[in-house]
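Data first, discussion second: the structure below is written as structure tokens.
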Amino acid sequence: MSILFVLLTLQVSAALISLAGTILVIAVVVFLMASSSSEEDKYTAKHKVYKVRGRYFFALVFCITVLLIVSLRLLPYPNSQMPPGNTVTVVGAQWSWKLAPGEFNKKVNEFTGKNEITLPVNANIKFVVTSVDVNHSMGIYNSKGDLMIQTQAMPQYKNELQFKFQQPGDYHILCLEYCGLVHANMAGIIHVQ
Amino acid sequence: MIQITPLEKKQQKKLVTIWSITFLTLFPILITLGLLMRLNQGEEINLKANTFYALMTLHGLGMAGVLFSIAFAALWYLISTRYARLRVGVGYFVYFLILIGVVALTIATLIGKFGPGWYLLYPLPFIGTSWKPWSTGLSIISIIILGIAWLIGMLHLLYALAKAYGGITHLLGWQYLGKKEVQQDLPPIVLISTISLVPGVMAFLAGAVMLILYLLQYFEPSLTFDPLLLKNLTFFFGHTLVNITLYCGVGWVYALLPEFTGREWKTNKVVVYSWNATFFFILFAYFHHLYMDFVQPMPLHYAGQIASYLSAIPATAITMFGVIAQLYHSKIKWSVIPLMFLLGTAGWAIGGFAAVVDSTIAINKVLHNTLWVPAHFHTYMLMGIVLFIFAFLFYISSENKGYSTDIKTKLGFWIFVIGAYGFLTMFYLGGLNSVPRRYSDYKGIPIQSTHQTGVLLSQIAVVFIIVLLAGLLLMYISLFSKLLKKEDTVEMPVQA
């Protein structure tokens with residue numbers, strides 16, 4: 001079960017769900033094209049389709065309700081029940097990341113930090129993320145290249161992101177909101193040990 | 001149905017033909033910009049970053065604008081020749097305003113290198129820019145001109161429909177919900193046009209507020225505004241524009257598909273409930289663009305996911321099942337037009353499925369702003385609305401000339417579809433491998449596997465884009481030969 005959980009990342013889940021949906025759509029298209037060669041009275045045909053539609057409608061409403069109830073409990077937003085841990089301030093600027101321990105409460109353009117930081121493994125980290133100029137987005141990638149979590153770095157606002165690094169190693173920060181000419185080169189690093 | 005004179009019909013046909021030729025000219029050019037972008041990401045060519053982002057901006061704004069314009073023009077033609085009298089002069093005025101906007105925007109991007117992306121996300125157009133300062137002002141003014149043109153067109157169309165069908169509540173189909181017998185049938189395309197264009201007007205007004213604020217800051221740089229408010233306005237405007245482009249196309253599926261199946265498709269209580277619900281989903285779904293703005297009030301995040309999920313109910317249970325009811329055991333002859341309607345609906349479903357996955361907040365945190373996003377919207381644009389548009393173009397070019405099922409057109413169509421889905425698959429795989437979107441190239445990514453995956457997928461995507469263009473060329477040959485062919489005697493569709 002735990003192996004399945006590890007293999008079934010969010011990306012893999014998204015792929016499987018979308019693939020299943022695509023196969024279903026293709027199957028319907030093929031069925032319609034194949035079945036269209038025969039002719040049936042339009043009222044009979046309509047009646048048959050609408051009978052299936054009735055069942056589909058209730059199945060869909062049920063699925064949507066269940067999925068909403070389950071998925072809306074898994075939000076990435078700050079959780080007051082999470083025990084306080086280390087705080088890190090992150091400031092995005094065209095085109096670099098600045099990180100430093102602690103929360104910074106002065107003017108954001110006075111903030112000094114480095115584009116790398118060392119953090120403990122298995123500890124709750126609270127990232128306080130903002131920007132000195134335009135919108136950026138702090139995307140945290142593991143060393144295999146999987147995007148783990150992200151939040152926007154927005155001028156005039158502070159987004160709080162809570163995250164626990166469960167494996168030691170180097171994690172990379174890439175900018176995920178288009179921020180101008182050097183957007184594709186805006187990277188930082190988090191050493192977790 | 002209205003009765004219009006042959007002269008009026010000829011005038012409206014001329015207008016839609018001008019629109020069609022404009023679309024057919026711009027569409028492959030804009031695809032080529034996309035091809036250049038994927039070539040650069042595949043490290044096959046070496047564009048300067050400011051050139052890449054200027055092309056990206058023109059590709060995004062151009063495609064959104066061109067597709068909405070032709071969708072609106074198609075709706076205009078169908079409504080003006082069947083349901084309500086529209087003034088052709090207003091149509092030409094809208095066309096020329098849009099032409100002015102498009103030319104100015106092209107100058108701003110290609111000469112001025114204006115490159116903040118289609119969404120001009122505040123305050124990017126004003127800070128750390130790599131483009132000529134004049135191009136910012138020219139672009140803002142161009143988009144205002146485009147917005148004014150579309151607003152005039154939409155308001156004229158809504159006014160004419162309201163006049164013909166007895167007011168806005170009748171256009172929304174509310175007369176079907178009471179106990180009284182309905183006096184005048186409401187064609188589904190009229191209901192769908194209303195459901196699309198009313199939020200369209202609201203979105204364009206939001207866009208107008210945003211652009212006026214931009215203009216104020218452009219002329220008075222000491223002025224600044226709230227980035228979160230402007231982000232909401234931006235996505236309300238952009239999301240709604242793209243969303244209603246697709247719904248305009250769905251409108252003519254309801255109107256034209258029955259001509260091929262011989263089965264009527266009428267408005268009833270279920271259709272009215274369905275599309276009235278869609279009205280609210282159009283307005284609230286855009287919040288899913290702001291999930292990663294954690295400071296956005298929590299209820300709006302919930303609203304985004306709930307609206308996005310619920311929009312699947314009317315889309316699939318009513319419209320898509322409606323298409324199934326049209327085609328099931330219909331003995332239809334598969335000319336390219338109904339084929340495009342069917343595959344277009346399938347593309348809408350596939351892209352919509354991927355969109356619903358991405359609209360799940362718990363999943364969005366690892367897909368947002370990766371290539372998954374262009375993957376799903378390109379699916380319902382390229383394999384949804386573009387197929388609906390080509391179905392419409394083949395339809396009007398075949399009017400009074402018979403609907404052919406020639407092999408060359410079908411071959412072109414299938415090549416186009418194969419190329420498109422190959423190209424889209426590379427986007428999906430990019431998203432699943434966390435490759436970021438809007439990167440001029442992947443050379444700066446310090447994670448080797450992400451860099452290599454991004455490059456490889458771009459290279460494969462290029463091959464599929466070329467396949468797609470080859471299919472498009474075959475379809476163009478067929479389409480233009482039809483447009484140039486003289487009209488035969490009036491001939492009804494295959495099924496009739």
Side-chain angles (χ1 to χ4, degrees), chain A residues 10-11 14-15 17-18 21-22 25 29 32 35-40 42 45-46 49-50 53 56-57 60-61 64 68 71-72 74-78 94 133-135 137 141 143-147 149-152 154-157 159-161 172 174 176-181 183-185 187, chain B residues 49-50 53 117 121 123-124 127-130 226-228 263 292-295 298 302 305-306 309-310 312-313 316-317 321 324-325 327-332 342-343 346 349-350 353-354 357 360-363 365-370 432-434 436 438-441 444-447 449-450:
Chain A
L10 284 173
Q11 284 91 341
I17 298 167
S18 301
T22 304
V25 173
V29 168
L32 280 176
S35 68
S36 68
S37 57
S38 57
E39 192 170 17
E40 195 167 20
K42 63 183 174 187
K46 211 173 173 180
V49 172
Y50 285 179
R53 184 176 77 172
Y56 169 83
F57 174 78
L60 183 64
V61 170
I64 284 178
L68 279 174
S71 66
L72 286 174
L74 303 168
L75 302 183
Y77 306 125
Q94 288 173 321
D133 40 48
V134 299
N135 285 276
S137 181
Y141 283 67
S143 57
K144 289 187 291 182
D146 298 322
L147 176 58
I149 190 81
Q150 63 176 303
T151 189
Q152 292 268 312
M154 204 188 334
Q156 301 176 38
Y157 286 92
N159 283 324
E160 288 186 10
L161 170 71
H172 295 273
L174 299 185
L176 291 180
E177 188 64 70
Y178 173 53
C179 57
L181 195 64
H183 166 60
N185 292 61
Chain B
N50 63 340
Y53 289 121
L121 192 59
L124 184 58
I127 297 179
T129 57
S130 57
D226 186 309
L228 185 59
R263 295 175 176 178
M292 293 303 114
D293 294 285
F294 289 14
V295 286
M298 189 69 92
Y302 280 105
Q305 184 172 336
I306 293 168
Y309 270 50
L310 293 182
I313 299 174
T316 59
F321 263 90
I324 293 171
L327 294 169
Y328 178 66
H329 283 179
S330 62
K331 210 163 174 55
I332 190 171
L342 175 61
L343 269 285
I350 293 169
F353 213 91
V357 169
T360 309
I361 302 170
I363 297 180
K365 69 181 183 187
V366 298
L367 292 181
H368 185 70
N369 281 348
T370 67
L432 293 172
N433 284 283
S434 306
R438 298 196 179 107
Y439 270 33
S440 53
D441 58 59
I445 296 178
I447 311 156
S449 60
T450 310

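Every heavy atom of this structure was used, including side-chain atoms; hydrogens, water molecules and symmetry mates were not. As the structure is a prediction and not an experimental result, all values here were calculated from the model. Order of the sequence lines fixes the chain letters, A, B, ..., with proteins taken first and strands second; residue numbering starts at 1 for each chain.
Here B/Leu121 is the residue among B/Leu310, B/Leu121, B/Leu343 with the most heavy-atom pairs under 4.5 Å with chain A. The greatest number of non-hydrogen atom pairs below 4.5 Å with chain B, out of A/Ile64, A/Ile17, A/Leu68, is found for A/Leu68. Contact count against chain A (heavy-atom pairs under 4.5 Å) is highest for B/Tyr328 among B/Tyr309, B/Tyr302, B/Tyr328. Note: B/Pro123 leads B/Gly117, B/Ala346, B/Pro123 in heavy-atom pairs under 4.5 Å with chain A. If you tally non-hydrogen atom pairs under 4.5 Å between each of A/Val61, A/Leu72, A/Leu75 and chain B, the highest count goes to A/Leu72. Per-residue heavy-atom pair counts under 4.5 Å with chain A were compared for B/Thr129, B/Asn50, B/Ile324, B/Asp441, and the maximum is reached by B/Ile324. Contact tally against chain A (heavy-atom pairs below 4.5 Å) for B/Ile350, B/Ile445, B/Leu327: the top residue is B/Ile350. For the set A/Thr22, A/Val49, A/Val25, the count of heavy-atom pairs under 4.5 angstrom toward chain B peaks at A/Val49. Listed options A/Met154, A/Glu160, A/Lys46 were ranked by heavy-atom pairs under 4.5 angstrom with chain B; first place goes to A/Met154. Of all the listed residues (B/Ile361, B/Thr450, B/Asn433), the one sharing the greatest number of non-hydrogen pairs under 4.5 Å with chain A is B/Ile361. Most heavy-atom pairs under 4.5 Å with chain B: of the set A/Pro155, A/Gly21, A/Ser36, this distinction falls to A/Ser36.
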Kindly indicate, with the supporting measurements, whether the criterion side-chain hydrogen bond (donor to acceptor under 3.5 Å, both in side chains) is fulfilled by B/Asp226 and A/Tyr157. CA-CA 10 Å; B/Asp226 186 309; A/Tyr157 286 92; 2.6 Å; yes
Between A/Gln11 and A/Leu147, does the side chain to side chain contact (heavy atoms under 4.5 Å, CB included) criterion hold? Intermediate values first, please. CA-CA 9 Å; A/Gln11 284 91 341; A/Leu147 176 58; 4.2 Å; yes
Side chain to side chain contact (heavy atoms under 4.5 Å, CB included) between B/Phe321 and B/Thr316: does it pass, once the steps are laid out? CA-CA 6 Å; B/Phe321 263 90; B/Thr316 59; 5.5 Å; no
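Residue B/Ile306 touches chain A through both its backbone and its side chain, counting heavy-atom pairs closer than 4.5 Å. For a residue to count as touching a neighbouring chain, one of its non-hydrogen atoms must lie under 4.5 Å from one of that chain's; by this rule A/Val29 touches chain B with backbone and side chain alike. For A/Ala187, the part sitting under 4.5 Å from any heavy atom of chain B is the side chain, from C-beta outward, and nothing else. Proximity to chain A (any heavy atom under 4.5 Å) is shown, for B/Ser440, by both the backbone and the side chain. For chain A, the nearby part of B/Thr370 is the side chain; its heavy atoms alone come within less than 4.5 Å. Interface remark: A/Gln150 contributes backbone and side-chain atoms alike to the contact with chain B (heavy atom separation under 4.5 Å). For B/Ser434, the parts lying under 4.5 angstrom from a heavy atom of chain A are both the backbone and the side chain. A/Leu174 touches chain B through backbone and side chain together, each having a heavy atom under 4.5 Å away. Only the side chain of B/Val357 comes within less than 4.5 Å of a heavy atom of chain A; its backbone N, CA, C and O stay farther away. Heavy atoms closer than 4.5 Å to chain B are found in both the backbone and the side chain of A/Ser71.
The backbone N or O of B/Val295 sits less than 3.5 Å from a side-chain atom of A/Asn159, completing a donor-acceptor pair. The backbone N or O of B/Ile127 sits less than 3.5 Å from a side-chain atom of A/Gln94, completing a donor-acceptor pair. Judged purely by atom type and a 3.5 angstrom limit, A/Ser35 uses its side chain to pair as donor or acceptor with the backbone of A/Leu32.
Both the sub-6.0 Å distance and the 45° axial angle are not jointly satisfied by A/Arg53 relative to the ring of A/Tyr56.
Contact detail for A/Ser18 and B/Phe353: the closest heavy-atom pair is CA-CD2, 4.1 Å. What you find for B/Tyr53 and A/Gly180 is that their closest heavy atoms are CE1-O, 3.9 Å. Across all non-hydrogen atoms, the minimal contact from A/Asn185 to B/Gly444 is ND2-CA, 3.7 Å. Closest approach of B/Ser330 and B/Arg263 over heavy atoms only: CA-NH2, 3.5 Å.
Taking the six-membered ring for Trp and the full ring otherwise, the centers of A/Tyr178 and A/His183 sit less than 6.0 Å from each other.
Taking the ring pair (Phe, Tyr, Trp, His ring centres under 6.0 Å) definition, one finds that B/His368 meets it with nothing, sequence neighbours left out.
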